[in-house]
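Okay, so here's the structure we're looking at.
The first residue of the sequence shown is numbered 1, and numbering continues consecutively from there.
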Amino acid sequence: PWTLLEDVLYHLDLGTKTHNLPAMFGDIKFVCVGGSPNRMRAFAQFMQRELGLAGAGEDVADICAGSDRYAMYRAGPVLSISHGMGIPSISIMLHELIKLLHHAKCRDVTIIRIGTSGGLGIEAGSVVITDTAVDSSFQPRFEQVVLGDVVVRSTELDKDLAEELLACSRDIPDFPTLIGHTMCTYDFYEGQGRLDGALCSFSSEKKLEYLRRAYDAGVRNIEMESTAFAALCGLCGLKAAVVCVALLDRLEGDQIRASHEVLWEYQQRPQRLIAAFIRKRLGLCPTD
């Protein structure tokens with residue numbers, strides 16, 4: 001066994017010698033992660049208002065300002081962090097985030113990925129709470145090469161947390177929310193069966209056949225991070241959930257054509273659901 005005299009969380013521009021991590025993060029109870037730095041800043045500002053915190057409406061400081069890889073903001077007990085696009089990007093962030101939570105001596109943390117996705121057989125704007133993340137063959141597994149060997153890890157997510165989130169969604173009647181499998185791919189174009197990339201080696205018939213097989217296997221949306229997220233959080237004992245809005249139904253087309261205004265409203269939907277969940281957990285919701 002070996003020990004680190006100093007742990008440098010390089011891509012977050014934080015470290016155990018340069019920062020007092022328990023003082024900075026010890027009271028964090030909820031971590032929300034998503035691809036875009038701007039979206040995660042907006043989420044932190046939204047949570048400041050939702051939780052009635054001092055400084056609500058003002059700009060929030062980027063805790064990782066010394067790095068241009070990820071952005072991190074906090075609103076009371078909520079940490080909001082960007083993870084970029086794809087498995088390698090979220091994996092690097094999660095390794096350092098999980099070490100950060102350990103060094104800060106955080107307890108009973110819930111971590112939720114909020115994001116966008118392509119829907120499958122559901123209407124645009126629907127919010128999918130993932131019960132199981134699956135790979136491109138619809139299997140609940142994440143394959144990681146470690147020292148030249150392929151290691152297979154489980155991608156099960158916390159079922160009770162998913163049900164709790166679904167229960168919260170019933171108080172937000174203006175968009176549909178459902179539980180389903182989420183397919184995670186290594187690519188946005190060919191890997192998701194799109195016909196509109198720079199390369200395309202299959203017909204539209206083959207594409208639809210594949211997407212229908214995915215639907216029949218229980219897949220309701222497609223994104224690029226959930227298997228790695230579920231595997232890492234599961235191995236480290238973190239209660240985790242994935243909540244993504246569908247920007248389109250992939251059975252209807254490949255390109256996202258909705259206006260910026262419509263897409264912006266769609267992107268608010270997972271944020272609104274998670275805000276309701278956090279408020280309920282903190283006892284801030286009025287009881288019926």
Side-chain angles (χ1 to χ4, degrees), residues 4 6-51 53-116 223-226 228-230 232-233 236 238-244 267-268 270-275 277-278 281-282:
L4 288 170
E6 175 183 10
D7 193 1
V8 178
L9 309 177
Y10 173 72
H11 302 89
L12 301 180
D13 192 43
L14 294 167
T16 52
K17 277 198 170 173
T18 50
H19 298 79
N20 185 341
L21 299 179
M24 290 173 72
F25 301 105
D27 57 345
I28 290 293
K29 292 295 177 191
F30 306 95
V31 180
C32 296
V33 305
S36 151
N38 285 340
R39 203 182 309 145
M40 298 321 289
R41 184 175 80 233
F43 177 70
Q45 291 173 314
F46 177 53
M47 287 310 306
Q48 278 199 315
R49 293 193 298 275
E50 287 287 301
L51 301 179
L53 299 172
E58 297 171 17
D59 202 11
V60 285
D62 179 5
I63 299 165
C64 300
S67 164
D68 61 359
R69 297 293 182 188
Y70 305 105
M72 178 189 292
Y73 307 92
R74 78 169 287 174
V78 183
L79 204 56
S80 177
I81 315 170
S82 69
H83 59 60
M85 285 179 74
I87 285 171
S89 187
I90 194 173
S91 173
I92 294 165
M93 188 279 286
L94 283 174
H95 274 280
E96 297 185 17
L97 167 66
I98 291 165
K99 291 199 294 176
L100 169 67
L101 296 174
H102 169 75
H103 292 313
K105 298 179 170 55
C106 295
R107 294 287 175 268
D108 303 317
V109 175
T110 300
I111 180 166
I112 302 171
R113 166 166 145 67
I114 53 177
T116 57
E223 45 83 277
M224 297 176 61
E225 293 87 19
S226 57
F229 175 81
L232 258 171
C233 292
C236 294
L238 281 168
K239 285 188 184 292
V242 178
V243 180
C244 290
Q267 289 174 22
Q268 307 300 302
Q271 299 188 16
R272 289 169 58 198
L273 174 54
I274 298 315
F277 161 77
I278 291 174
R281 277 276 185 99
L282 295 175

For the residue pair [X] and [Y], what are the closest heavy atoms and their distance?
X: Cys64; Y: Leu12; value: SG-O, 3.2 Å
X: Ser36; Y: Arg39; value: OG-N, 3.0 Å
X: Ala44; Y: Tyr73; value: CB-CB, 3.5 Å
X: Ala228; Y: Ile90; value: CB-CG2, 4.4 Å
X: Phe229; Y: Ala240; value: CE2-CB, 3.8 Å
X: Leu51; Y: Ala75; value: CD1-O, 4.0 Å

If only atom types and distance count, is the side chain of [X] paired as donor or acceptor with the main-chain N or O of [Y] below 3.5 Å?
X: Thr16; Y: Asp7; value: yes
X: Lys29; Y: Arg107; value: yes
X: Ser80; Y: Met40; value: yes
X: Glu96; Y: His11; value: yes

What distance do [X] atom [atom1] and [Y] atom [atom2] have between them, rounded to the nearest 0.5 Å?
X: Asp62; Y: Tyr70; atom1: CG; atom2: OH; result: 13.5 Å
X: Asp108; Y: Ile28; atom1: CG; atom2: CD1; result: 13.5 Å
X: Glu225; Y: Leu232; atom1: CD; atom2: CG; result: 13.0 Å
X: Leu97; Y: Ile111; atom1: CG; atom2: CD1; result: 5.0 Å
X: Phe25; Y: His103; atom1: CZ; atom2: NE2; result: 12.0 Å
X: Lys239; Y: Ile112; atom1: NZ; atom2: CD1; result: 12.0 Å

With the side chain counted from C-beta on, respond yes when [X] and [Y] share a heavy-atom pair under 4.5 Å apart, and no when they do not.
X: Ile81; Y: Ile63; answer: no
X: Thr110; Y: Arg281; answer: yes
X: Asp27; Y: Arg74; answer: yes
X: Arg41; Y: Asp59; answer: yes
X: Ile278; Y: Met47; answer: yes
X: Phe30; Y: Ile274; answer: no
X: His83; Y: Ile92; answer: no

Other residues, nucleotides, ligands: >12 heavy atoms within 6.0 Å of Lys99 NZ: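 More than 12 within 6.0 Å, yes.
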Partners meeting salt bridge (Lys or Arg N to Asp or Glu O under 4.0 Å) with Arg272 (sequence neighbours left out):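 Here the qualifying residues are Asp174, Glu265.
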